[in-house]
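See structure below.
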Amino acid sequence: QVQLVESGGGLVQPGGSLRLSCAASGFDFDSYTIAWFRQRTGREREGVSCTSNNDYDTFYVASVKGRFTISTDKAETTVYMQMNNLKPEDTATYYCAAVRIRCSPLVLARGMNYWGKGTQVTVSS
């Protein structure tokens, strides 16, 4: 019943943009932080961003800060991550996840309660 469904991935040229969506259902959305992770081929999963679904409890890993923006549509229980100025090193499978603690730099190192299946982002010429 709990679902996190990512969408919006695809193939984009360097410098391009994508907006990823994470549609949540089956749990108390307002009580959870939504976090984005990514995993490049052959590498461990990396935390990217998180939000407590307000306008101040957000965090971005240094490599994406200023390029990625996380936002929430509470009515639709959907979290978006706008990704601008994409670079080849952003190529990865992107996952959203939910955890029942406030977003902070420490959240991305913690275990998550729920995971989506991922959406592929490829940045290439």
Side-chain angles (χ1 to χ4, degrees):
Q1 180 171 295
V2 172
Q3 288 192 347
L4 292 170
V5 180
E6 303 96 336
S7 61
L11 175 64
V12 65
Q13 294 181 344
S17 298
L18 289 171
R19 188 178 73 160
L20 303 184
S21 299
C22 174
S25 61
F27 64 96
D28 186 2
F29 182 76
D30 288 343
S31 297
Y32 283 76
T33 283
I34 301 296
W36 286 96
F37 295 80
R38 64 186 181 185
Q39 187 167 24
R40 300 186 68 185
T41 301
R43 300 187 182 186
E44 294 185 349
R45 188 168 54 214
E46 173 192 28
V48 177
S49 66
C50 65
T51 179
S52 293
N53 303 322
N54 55 42
D55 60 356
Y56 54 92
D57 288 326
T58 60
F59 174 76
Y60 303 89
V61 71
S63 59
V64 309
K65 189 174 179 64
R67 299 189 297 120
F68 292 10
T69 303
I70 193 167
S71 62
T72 303
D73 185 335
K74 291 183 178 181
E76 297 295 328
T77 62
T78 297
V79 172
Y80 301 95
M81 188 164 69
Q82 178 70 38
M83 305 188 297
N84 296 328
N85 301 314
L86 284 161
K87 304 176 180 180
E89 52 264 43
D90 295 319
T91 295
T93 301
Y94 283 74
Y95 301 88
C96 66
V99 63
R100 198 163 53 89
I101 58 174
R102 186 175 296 175
C103 172
S104 76
L106 298 176
V107 165
L108 299 179
R110 294 179 178 269
M112 302 289 110
N113 293 106
Y114 309 120
W115 287 92
K117 294 190 296 184
T119 185
Q120 178 66 37
V121 171
T122 302
V123 185
S124 176
S125 299

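Everything numeric here is computed off the predicted structure, so don't read it as measured data.
The line from CD1 of Ile70 to CG of Leu20 is 10.0 Å long, rounded to the nearest 0.5 Å. Rounded to the nearest 0.5 Å, atoms CD (Glu76) and CZ (Phe29) are 10.5 Å apart. Taking CG of Leu106 as the start and CZ of Phe59 as the end, the distance is 9.0 Å to the nearest 0.5 Å. Here NZ of Lys117 is found 11.0 Å from OG1 of Thr119. Values are rounded to the nearest 0.5 Å. Distance check, rounded to the nearest 0.5 Å: OG of Ser49 to CD1 of Ile34 gives 10.5 Å. Between Leu108 atom CG and Tyr60 atom OH the span is 11.5 Å, to the nearest 0.5 Å.
For the pair Leu18/Phe68, no side-chain contact is recorded, criterion being any heavy-atom separation below 4.5 Å from C-beta on.
Checked by atom type and distance alone, the side chain of Glu6 pairs as donor or acceptor with a backbone atom of Gly118 at under 3.5 Å. Asn53 places no side-chain N or O within 3.5 Å of a backbone atom of Lys74 that could act as its donor or acceptor partner.
In this structure, a donor-acceptor pair under 3.5 Å is present between the side chains of Thr33 and Ser52.
Pairs of residues two or more places apart, or lying in two chains, that qualify as side chain to side chain donor-acceptor pair (under 3.5 Å) and include a residue from residues 90-99 are Arg38-Asp90, Arg38-Tyr94, Arg67-Asp90, Thr93-Gln120. Sorted by first and then second residue, the pairs that involve residues 69-107 and meet disulfide (SG to SG under 2.5 Å), not counting sequence neighbours, are Cys22-Cys96, Cys50-Cys103. Pairs passing the side chain to side chain donor-acceptor pair (under 3.5 Å) check and including a residue from residues 14-23, sequence neighbours excluded, read Ser17-Asn84.
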>> Applying side-chain contact (heavy atoms from CB on, under 4.5 Å) to Met112 and Val107, what does each step give before you reach the verdict?
In response: CA-CA 9 Å; Met112 302 289 110; Val107 165; 4.1 Å; yes

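In this structure, Val123 is a member of the same hydrophobic cluster as Val61, with clusters built from ILVMFWY side-chain heavy atoms closer than 4.5 Å. Hydrophobic clustering of Ile, Leu, Val, Met, Phe, Trp and Tyr side chains at less than 4.5 Å, counting indirect connections, unites Phe27 with Val79. In terms of hydrophobic clustering, with Ile, Leu, Val, Met, Phe, Trp and Tyr side chains grouped at heavy-atom distances under 4.5 Å, Val12 and Val64 are assigned to a common cluster.
Exactly one residue among Glu46, Met81, Met83 makes a side chain to side chain contact (heavy atoms under 4.5 Å, CB included) with Trp36. That residue is Met81.
Ring-plane geometry between Tyr32 and Tyr114 is classed as tilted, the angle between the planes lying from 30 to 60 degrees on a 0 to 90 degree scale.
The local environment of CZ in Arg40 is crowded, with over 12 non-hydrogen atoms from other residues, nucleotides or ligands closer than 6.0 Å.
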